[in-house]
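Comments concern the structure below.
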Amino acid sequence: MSNTRASLEALLQPFTEKNEGTLDYHGLHGFLTALTICPTALTEQERNESIFDGEAALPEATATALNQLIAKVQTAIDRGFNDEEEGFSLSCEAELEDHDDEALANWCTGFMVAHFLNEDAWFTTNEQEACELLLPIMLASGLFDDEQEFKDILKDSKLTEDMCSQIPEVLMELYLIFNAPEDKKPHNTNKRRS
């Protein structure tokens, strides 16, 4: 995966230097993770506009390379969610201890960019649970720091760190909500209501 990462970082760098809204490698990994959890039908152009924060007219060779690299990353992400021994890991796993770390914030921002593309799909089933599970990702992204609920959480550094450290488990639960057969879902919400 390290070769794929190096290739993607090299491909994205000229764009991130020109436009800070462009997703870096961690942001792209977060973006693709969200699309793996809750697939959204996107054209290549729509996907690239999200990645590059607007219209991105890529040279043909760059577009081809990007498609191949994205396919490799998505395959690795999906494999991670289905590998009981290794499990899923974020591209910035080592930075999880530091909720102020830019890599984690970028990863979560990328995830939220994909989430916003088809927000309703995330809440069609298990809406309450999905909302709760998304909270640590929303918090770590920094996109909601001005909202009172997040201001209150951020005042408590221990709570903030705890929530950020839960992100890998949260992602696994989200993946199971959208992708597991009914009998393997993490929680049966019907049982809780009765």
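Just so you know, residue 1 is the first one in the sequence shown, and it goes up from there.
With a 4.5 Å cut-off on side-chain heavy atoms, Leu143 and Met138 do not count as touching. Within the 4.5 Å cutoff, the side chain of Met112 has no heavy atoms near those of the Leu117 side chain. When side chains are defined from C-beta on, Leu135 does not count as touching Val170, because their heavy atoms never get closer than 4.5 Å. The shortest side-chain heavy-atom distance between Ile167 and Cys108 falls under the 4.5 Å cut-off. Contact annotation: the side chain of Ile137 approaches that of Leu171 to within less than 4.5 Å [non-hydrogen atoms, C-beta and beyond]. Taking the side chain as every heavy atom from C-beta outward, Ile77 and Ile37 never approach each other to under 4.5 Å. Residues Asn118 and Leu42 fail the side-chain proximity criterion, which asks for heavy atoms closer than 4.5 Å. Contact of the Leu8 side chain with the Val73 side chain is registered, since non-hydrogen atoms from C-beta on lie closer than 4.5 Å.
Below 30°, between 30° and 60°, or above 60°: for Tyr25 and His29 the angle between ring planes is between 30° and 60°, a tilted geometry. Between Phe81 and Tyr175, the ring-plane angle classifies as parallel under the 30° and 60° cut-offs.
Heavy atoms of other residues, nucleotides or ligands lying less than 6.0 angstrom from CD of Gln148 number more than 12.
Across all non-hydrogen atoms, the minimal contact from Gly110 to Leu23 is CA-CD2, 3.9 Å. Ser141 and Thr109 get closest at one heavy-atom pair: O-OG1, 3.3 Å. Residue Pro168 comes nearest to Ser165 through the heavy atom pair CD-O, 3.5 Å, listed as atom of the first residue, atom of the second, then distance.
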Go through it in stages, so that I can follow the logic: the residues are Lys151 and Asp145, the test is side chain to side chain contact (heavy atoms under 4.5 Å, CB included), and I'd like the CA-CA distance, side-chain angles, deciding distance and then a yes or no.
CA-CA 6 Å; Lys151 282 181 181 176; Asp145 287 358; over 6 Å; no
Check the pair Leu66, Asn48 against side chain to side chain contact (heavy atoms under 4.5 Å, CB included), reporting the backbone distance first and the verdict last.
CA-CA 9 Å; Leu66 180 65; Asn48 288 353; 3.6 Å; yes
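Asp152 meets the salt bridge (charged side-chain N to carboxylate O under 4.0 Å, His left out) test with Lys155; sequence neighbours excluded.
Ring centers of Trp122 and Phe178: under 6.0 Å apart, within the cut-off. For Phe31 and His26, the distance between ring centers is not under 6.0 angstrom.
Put simply, CD1 on Ile51 and CG on Leu11 are 9.5 Å apart, with the number rounded to the nearest 0.5 Å. Atom CE of Met163 sits about 10.5 Å away from atom CG of Asp156, to the nearest 0.5 Å. Once rounded to the nearest 0.5 Å, the distance linking CG of Leu28 with CH2 of Trp107 reads 11.5 Å. The line from CZ of Phe52 to CZ of Phe15 is 5.0 Å long, rounded to the nearest 0.5 Å. If you take CD on Glu173 and CG on Asn126, they are separated by 10.5 Å, rounding to the nearest 0.5 Å. Between atom NZ of residue Lys72 and atom CG of residue Leu32 there is a gap of 14.0 Å, rounded to the nearest 0.5 Å.
Within the structure, the salt bridge (Lys or Arg N to Asp or Glu O under 4.0 Å) test picks out the following pairs touching residues 9-19 (sequence neighbours left out): Arg5-Glu9.
Checked by atom type and distance alone, the side chain of Thr62 never pairs as donor or acceptor with a backbone atom of Leu58 at under 3.5 Å. Within the 3.5 Å criterion, the main-chain N or O of Glu46 finds a donor-acceptor partner in the side chain of Ser50. No donor-acceptor distance shorter than 3.5 angstrom exists from the side chain of Asp53 to the backbone of Glu49, with no hydrogens or angles considered. With Asp24 contributing its side chain and Gly27 its backbone, the two residues share a donor-acceptor pair below 3.5 Å.
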